[in-house]
Amino acid sequence: MLHRYPQEAALRDGRPVIIRPFQGGDVEALYDFFQRLPATVRRLAWDRIDDRRLIESWGDNVDYEKTLPLLAFHGNDVVADATLHRRQGGPLRLVGRIKWLLDPDYRGAGLGSLLVNHFIDHATANGLHHLTCMLIEETESDAIQTLEDLGFQSYRIPGYGVDPDGNRHDMVKLVMELNKGNGESNS
């Protein structure tokens, strides 16, 4: 890993956070974080974060080659969970996918940018060509703006996502090109 962890940081409003990778012993703190999130956030999460068994399986199967899971702590509380996923083979093996959830009280304070910058550094150092993220347009406009401000290009896809009630939602795929001019040939 490029960064040494744990890493201390101060948010724009001065609040201190500690950034470090998720470990097996963090299951309780991560599950508690997910349960503190508003129901409207939990129901649209990519994973079934209300299912404690899922979080326990993550703790039992940490594989930093496949997924770099970062947690942000304020004191003993997790205030953000962000993951960088990569495939081991195939045509998308040099593309990293970002997923993240932030405590609503920590949005707009620079925490999302801080975490994504860790992923940009990690991805660049490990030869990835692109980073991607898929977000729901009407509920995650602040996250879309954060990624665009960091240099991601956005592509709106009408009706692409479906919530648990079957309602369609416009999604935004965000892509950042890394390592321009480097890497494997197209042939």
Side-chain angles (χ1 to χ4, degrees), residues 1-12 17-24 26 30 33-34 45-47 49 55 57-59 61-73 78-103 106-137 140-157 160-161 171-187:
M1 281 186 243
L2 181 67
H3 292 280
R4 293 179 188 259
Y5 295 103
Q7 188 172 93
E8 295 181 37
L11 303 180
R12 283 194 289 260
V17 293
I18 301 291
I19 308 294
R20 68 168 177 76
F22 170 77
Q23 302 165 356
D26 294 324
L30 183 58
F33 163 67
F34 289 149
W46 286 96
D47 297 296
I49 58 175
I55 314 313
S57 75
W58 294 346
N61 299 295
V62 176
D63 180 354
Y64 296 126
E65 293 296 315
K66 186 176 175 184
T67 304
L68 175 59
L70 293 179
L71 299 179
F73 287 86
V78 173
V79 295
D81 167 52
T83 52
L84 174 62
H85 302 260
R86 69 183 291 186
R87 296 175 187 268
Q88 300 302 305
L92 297 179
R93 70 189 172 283
L94 298 176
V95 176
R97 182 173 49 100
I98 295 171
K99 296 189 325 189
W100 57 352
L101 286 170
L102 275 64
D103 182 315
Y106 286 78
R107 288 185 170 184
L111 182 54
S113 295
L114 177 69
L115 292 165
V116 172
N117 276 314
H118 277 261
F119 292 150
I120 292 169
D121 292 346
H122 181 81
T124 301
N126 286 280
L128 296 184
H129 290 185
H130 294 86
L131 288 177
T132 67
C133 187
M134 183 75 80
L135 298 169
I136 301 170
E137 185 175 46
E140 299 177 297
S141 59
D142 56 339
I144 293 166
Q145 186 64 56
T146 294
L147 294 176
E148 288 175 340
D149 290 348
L150 290 172
F152 283 73
Q153 298 294 309
S154 59
Y155 305 91
R156 184 174 177 270
I157 308 169
Y160 191 69
M171 302 289 292
V172 176
K173 182 171 185 116
L174 294 115
V175 180
M176 174 183 265
E177 185 174 358
L178 307 167
N179 296 316
K180 294 180 183 173
N182 298 331
E184 301 172 6
S185 71
N186 293 331
S187 57

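Minimum heavy-atom separation, Ala109 to Leu11: O-CB, 3.4 Å. What you find for Val95 and Leu128 is that their closest heavy atoms are N-CD2, 4.2 Å. Shown here for Thr67 and Pro69, the closest heavy-atom pair between the two residues is O-CD, 3.1 Å. In terms of heavy-atom proximity, Arg12 sits nearest to Gly110 at NH2-N, 3.3 Å. Heavy-atom minimum distance, Ala123 versus Leu131: CB-CD2, 3.7 Å.
Atom CZ of Phe73 has more than 12 neighbouring heavy atoms from other residues, nucleotides or ligands inside a 6.0 Å radius.
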query: Checking side chain to side chain contact (heavy atoms under 4.5 Å, CB included) for the pair Ile49/Leu101: CA distance, chi angles, key distance, verdict?
result: CA-CA 11 Å; Ile49 58 175; Leu101 286 170; 3.9 Å; yes
task: Start with the C-alpha distance between Leu102 and Asp81, add both sets of side-chain angles, then the distance that settles side chain to side chain contact (heavy atoms under 4.5 Å, CB included), and finish with yes or no.
output: CA-CA 7 Å; Leu102 275 64; Asp81 167 52; over 6 Å; no
query: Run the side chain to side chain contact (heavy atoms under 4.5 Å, CB included) check on Leu174 and Thr132 step by step: do they pass?
result: CA-CA 5 Å; Leu174 294 115; Thr132 67; over 6 Å; no
message: For His118 and Tyr5: C-alpha separation, side-chain torsions, deciding distance, then whether side chain to side chain contact (heavy atoms under 4.5 Å, CB included) applies.
response: CA-CA 11 Å; His118 277 261; Tyr5 295 103; 2.9 Å; yes
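Separation of atoms CD1 (Ile98) and CZ (Phe119) is listed at 6.5 Å; rounding is to 0.5 Å. Between the CH2 atom of Trp100 and the OG1 atom of Thr146 there is a distance of 5.0 Å, given to the nearest 0.5 Å. Ile144 contributes atom CD1, which lies 10.5 Å from atom CE of Met134 (distance to the nearest 0.5 angstrom).
Checked against the 6.0 Å centroid criterion, the rings of His122 and Tyr64 do not qualify as a close aromatic pair.
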